[in-house]
Chemist: 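Would you mind keeping the following structure in view while I ask a few things?
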Amino acid sequence: MRCPDAMRYATTLVCAVACVLAAPCLVTAQGTNPFDGDSGAIRAGRQLFGARCAACHGADAKGISGPDLTALWSFGTSDERVFRTVRQGVAGSIMPASDAPDDEVWAMVAYVKSISTVTPDPNLPGNAAHGREIVRSQCVGCHQVHGEGGRLGPDLSLIGQTRSGAALRESIRNPSEAVAARYRTIELVTATGERVRGASKGEDAFSLQVLDTNQRLQGYAKRDLERWARTDESLMPVFSPRELSDDYLDDVIKFLGTLRGQ
Amino acid sequence: MPHISLVRSVLIPGLVLTLAGPTWVAAQENETTSSGVTFDHLLAGLEEPTRWATFSGDYSGRRHSPLSQITPDNVDRLSAQWTFQTGTTTRGRGFETTPLVVDGVLYVTGSNNFAWALDARTGRPFWQYRRDLPEDLTYGASAPVNRGFGILGDRLFMVTLDAHFLALDRLTGSVLWDVELADYRQGYAATLAPLVIDDKVIVGISGGEYATRGFIDAYHPETGARLWRFHSVPESGEAGSETWPDTDVITRGGGGTWMTGTYDPELDLLYWGTGNPNPDYYGDDRRGDNLYTDSLVAVDAATGQLRWHYQFTPHDTHDWDSNHVPVQADLMWNGEMRRVVMVANRNGFFYVLDRVTGELLQGTPFTDTTWAREIGADGRPVVLNDGSQGCLPDMWGGTNFMPPSFDPAAGLFFLTARETCATFIPQVPEFVPGRSSPGGVVWIDQDQGYGALRAIDVYTGERRWEFRYPTPSMSGVLSTASGLVFAGDHEGNFMAFESETGRNLWHYPTGSRIWGAAAMTHMLDGRQHVLIPSGTTLVAFALP
């Protein structure tokens with residue numbers, strides 16, 4: 001029988017890590033990650049992460065029932081601290097202590113770090129000041145930037161550090177292509193005929209928890225609804241080149257890349 | 001009724017002198033002759049309404065109570081009476097126990113090998129036991145769960161995460177004896193509720209993710225002496241060994257026996273499920289059917305000898321252990337009364353077997369699995385999709401160890417079904433003692449999963465009704481003769497359904513997923529109570 005949800009996928013040490021370990025190196029829980037930036041170990045860590053962590057944290061580490069891990073480094077954490085958390089678990093939560101060998105844990109840390117830390121390209125084209133104006137006029141209704149703005153969509157304060165420019169472009173041009181679990185769209189009609197659209201924040205057999213487009217947290221009993229349904233369409237509008245030119249998009253990406261955590 | 005029935009003045013006279021009062025005196029008078037549970041009590045099963053004295057309530061494994069005070073008409077008035085906080089968490093798993101209740105006292109095991117005797121009226125503890133576990137647990141560290149006590153006389157029986165087997169004094173919680181089942185450092189652990197029969201206590205072992213070899217043991221209840229051992233993977237040269245390659249792989253073939261079986265006292269046969277072959281996902285070095293993994297074995301209770309077996313998933317590479325409660329019934333089958341045993345299996349099929357001979361009477365899918373849709377004339381699944389034709393049920397399976405229930409009057413088998421979509425990627429494992437060797441990874445499409453409570457017509461295998469949950473659930477089921485089914489879900493709801501239609505009648509949000517546990521019920525002071533473990537709590541419900 002398999003073990004806990006957080007460990008629900010089983011795995012073995014994949015070949016890439018085994019090859020890395022064939023070379024003499026000191027692998028300990030102290031100090032720096034011996035696999036930091038190592039492409040082979042990162043590939044192995046990706047598999048290991050999928051096996052051991054993805055059930056709660058998502059294959060992209062952006063979080064499902066467990067938290068988003070991709071912003072950890074932006075908040076100033078260290079590889080060693082992440083290692084310790086994996087090794088020790090989180091008391092009082094379902095995050096278990098891992099009994100995986102040190103090299104496997106380090107490989108997973110290297111993987112998560114590799115998809116977390118994005119160094120914005122300083123040579124990207126665009127005008128950051130103009131990008132700020134566009135974000136203020138077009139985005140903050142639903143997104144926060146350094147504590148200001150709406151909450152319907154993800155906070156953008158660190159988005160430039162955790163997502164590549166290409167990924168951000170894709171999200172703006174085709175927002176429905178990939179929607180994080182906690183921002184998926186739900187539409188419902190109440191018994192009184194009120195139509196509600198929002199982000200699905202939770203569901204059980206009897207109820208729904210919604211952050212609606214008026215940015216109200218609302219709970220609904222399913223039995224009281226005339227109907228409800230999820231849709232694959234993101235709440236975020238499509239910004240095609242007609243709504244946001246390629247030059248303006250460059251400006252937005254440039255601006256987002258300048259943002260740092262506070 | 002005595003409020004505290006655990007007291008025996010012969011044991012603690014000082015306490016009685018200090019606290020003597022009307023209630024306590026009554027307790028002494030009524031209970032000084034109590035000597036706990038007898039084999040006759042166990043044989044009687046749920047006939048005594050105040051008692052639930054073995055994991056499934058009785059030897060049949062039906063988890064179907066004759067109690068009828070709570071009905072479809074009044075269940076919506078059910079309310080919480082008390083909550084017991086265990087104070088111990090189970091990372092990633094559940095509070096999987098089934099409490100026993102005898103003479104108004106609950107005997108409860110918890111995660112991390114805690115255990116308690118509780119006042120069934122208040123949830124207040126009489127005593128707490130906690131095993132001092134080693135820090136280098138193997139399988140027991142990843143699943144620090146326990147599913148319950150066995151009881152006989154004044155002894156409670158409990159297995160441990162470091163693969164020991166204990167007898168505790170039911171009055172004090174003190175250890176009477178302690179024997180080692182296996183070396184936990186190799187990957188062994190023990191989590192099930194022991195099954196007490198006349199003069200033996202039967203236990204099994206966990207650890208099929210490690211290079212281990214499963215077994216079922218019988219122990220003397222008074223001394224802890226081992227009476228016999230049945231290995232779920234045979235020795236080289238024994239019958240069944242021909243289903244393994246002629247290598248040392250057979251000595252670490254897995255086949256855990258980690259879920260409590262059932263017992264037919266007339267046939268003196270034990271029915272026990274066996275777990276996955278090891279490695280879980282990599283099968284190239286263990287070509288063959290790998291008997292007796294993923295099987296139901298019928299074992300002679302007197303000798304430990306195998307009477308018959310039926311393998312549900314030959315040469316499993318998906319971790320589809322067959323550690324389920326085998327449910328017994330006597331059914332009129334094609335005009336003939338048959339003694340049957342029924343299993344809703346992790347591979348997504350519902351089976352009816354003759355429990356005297358092991359003959360397969362029926363095998364039908366109760367999930368939408370594409371792995372196989374029928375059982376062939378040879379009794380083997382006709383595999384349509386080995387994974388190359390799309391996703392398969394995940395390694396948690398179409399259902400799992402969480403107990404189902406069976407209503408003999410309705411002919412309905414109630415189970416928690418899981419519909420999931422997973423891709424299995426086998427990898428060559430590395431065998432290191434004490435380290436798991438699953439042999440691969442599994443990718444699960446989280447967007448495609450859901451769970452359901454389903455009622456299966458045991459005569460046809462057809463689905464009579466279902467109630468869907470948003471996500472796959474790991475909750476067990478209890479049914480009652482009054483026409484109710486109690487179940488839980490991954491969102492933490494404890495629910496009651498009309499057994500005939502599946503209509504939801506009541507639910508209570510417990511605040512934590514109900515995982516691996518099934519409810520039990522008993523009468524107390526004239527009121528029917530229903531108990532469910534959830535998260536770190538045990539909650540008792542009754543009508544006002």
Side-chain angles (χ1 to χ4, degrees), chain A residues 1-18 21 44 46-59 64-66 88-101 104 179 181 184 200 202-209 219 221-223 230 232, chain B residues 89-94 136-139 141-144 191 206 208-209 256 258-259 275-276 279-282 319 321 323 394-396 400-401 422 425 427-430 432 435-444 446-447 467-471 489-493 495 504 507 509 513 515:
Chain A
M1 187 180 72
R2 289 256 49 82
C3 20
D5 271 10
M7 306 276 286
R8 64 195 297 186
Y9 307 84
T11 187
T12 58
L13 178 62
V14 291
C15 178
V17 168
L21 293 177
R46 179 182 177 185
Q47 292 235 26
L48 293 162
F49 185 88
R52 293 177 177 273
C53 316
C56 292
H57 294 289
I64 301 177
S65 57
Q88 298 169 358
V90 177
S93 79
I94 66 164
M95 168 74 181
S98 172
D99 62 353
E104 292 190 14
V179 182
R184 289 181 182 161
S200 174
E203 177 190 357
D204 72 359
F206 307 99
S207 68
L208 299 167
Q209 292 74 45
K222 288 179 179 178
R223 65 170 182 268
R230 299 176 183 283
D232 293 332
Chain B
T89 60
T90 322
R91 287 173 173 165
R93 285 285 292 260
D136 58 345
L137 286 175
T138 50
Y139 181 81
S142 61
T191 56
S206 308
E209 275 57 59
W258 48 268
M259 190 62 193
N276 62 279
D280 303 49
Y281 311 121
Y282 182 77
D319 195 19
D321 304 57
N323 302 91
D394 68 15
M395 66 288 189
W396 296 93
N400 208 297
F401 68 94
I425 305 168
Q427 295 167 347
V428 179
E430 178 186 26
V432 177
R435 188 180 297 174
S436 62
S437 49
V441 296
V442 185
W443 296 95
I444 298 176
Q446 302 282 354
D447 286 341
F467 181 89
R468 286 202 183 192
Y469 310 132
T471 60
D489 67 17
H490 211 62
E491 285 68 45
N493 291 298
M495 298 162 284
N504 176 256
H507 74 277
R513 64 190 185 184
W515 210 103

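Quantities reported herein were computed from a predicted structural model and do not represent experimental measurements. First the proteins, then the strands, lettered A, B, ... as listed; each starts at 1.
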Chemist: Which bit of Arg184(A) comes within less than 4.5 Å of chain B, counting heavy atoms only: side chain, backbone, both or neither?
Modeler: side chain
Chemist: Would you mind checking which part of Met495(B) comes under 4.5 Å of any heavy atom in chain A, side chain (CB onward), backbone (N, CA, C, O), both or neither?
Modeler: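 Met495(B) touches chain A through side-chain heavy atoms alone.
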Chemist: Heavy-atom cut-off 4.5 Å, strictly under: side chain, backbone, both or neither for Arg468(B) against chain A?
Modeler: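 Arg468(B) touches chain A through backbone heavy atoms alone.
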Chemist: Check for a donor-acceptor pair, side chain of Asn276(B) on one end and backbone N or O of Gly208(B) on the other, with a separation under 3.5 Å.
Modeler: yes
Chemist: Could you tell me how the ring of Trp258(B) sits relative to the ring of Phe401(B): parallel (under 30°), tilted (30 to 60°) or perpendicular (over 60°)?
Modeler: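 If you compare the ring of Trp258(B) with that of Phe401(B), the planes turn out perpendicular.
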Chemist: What part of Asn504(B) is in contact with chain A, defined as an atom under 4.5 angstrom from a non-hydrogen atom: side chain, backbone, both or neither?
Modeler: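 The side chain, not the backbone.
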Chemist: Find out whether Met395(B) and Ile444(B) are in side-chain contact, i.e. whether some heavy atom of one side chain is under 4.5 Å from a heavy atom of the other.
Modeler: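 Side chain of Met395(B) against side chain of Ile444(B), heavy atoms only: contact under 4.5 Å found.
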Chemist: Looking at Ala100(A), is its backbone amide N or carbonyl O close enough to the side chain of Arg435(B) to form a donor-acceptor pair, meaning the two atoms are under 3.5 Å apart?
Modeler: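 Not at all, since once roles are kept as given, no pair shorter than 3.5 Å links the two residues.
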Chemist: Under 30°, 30 to 60°, or over 60°: which ring-plane class applies to Trp515(B) and Trp396(B), parallel, tilted or perpendicular?
Modeler: perpendicular
Chemist: Does any backbone or side-chain atom of Tyr282(B) lie under 4.5 Å from a heavy atom of chain A? Answer side chain, backbone, both or neither.
Modeler: neither
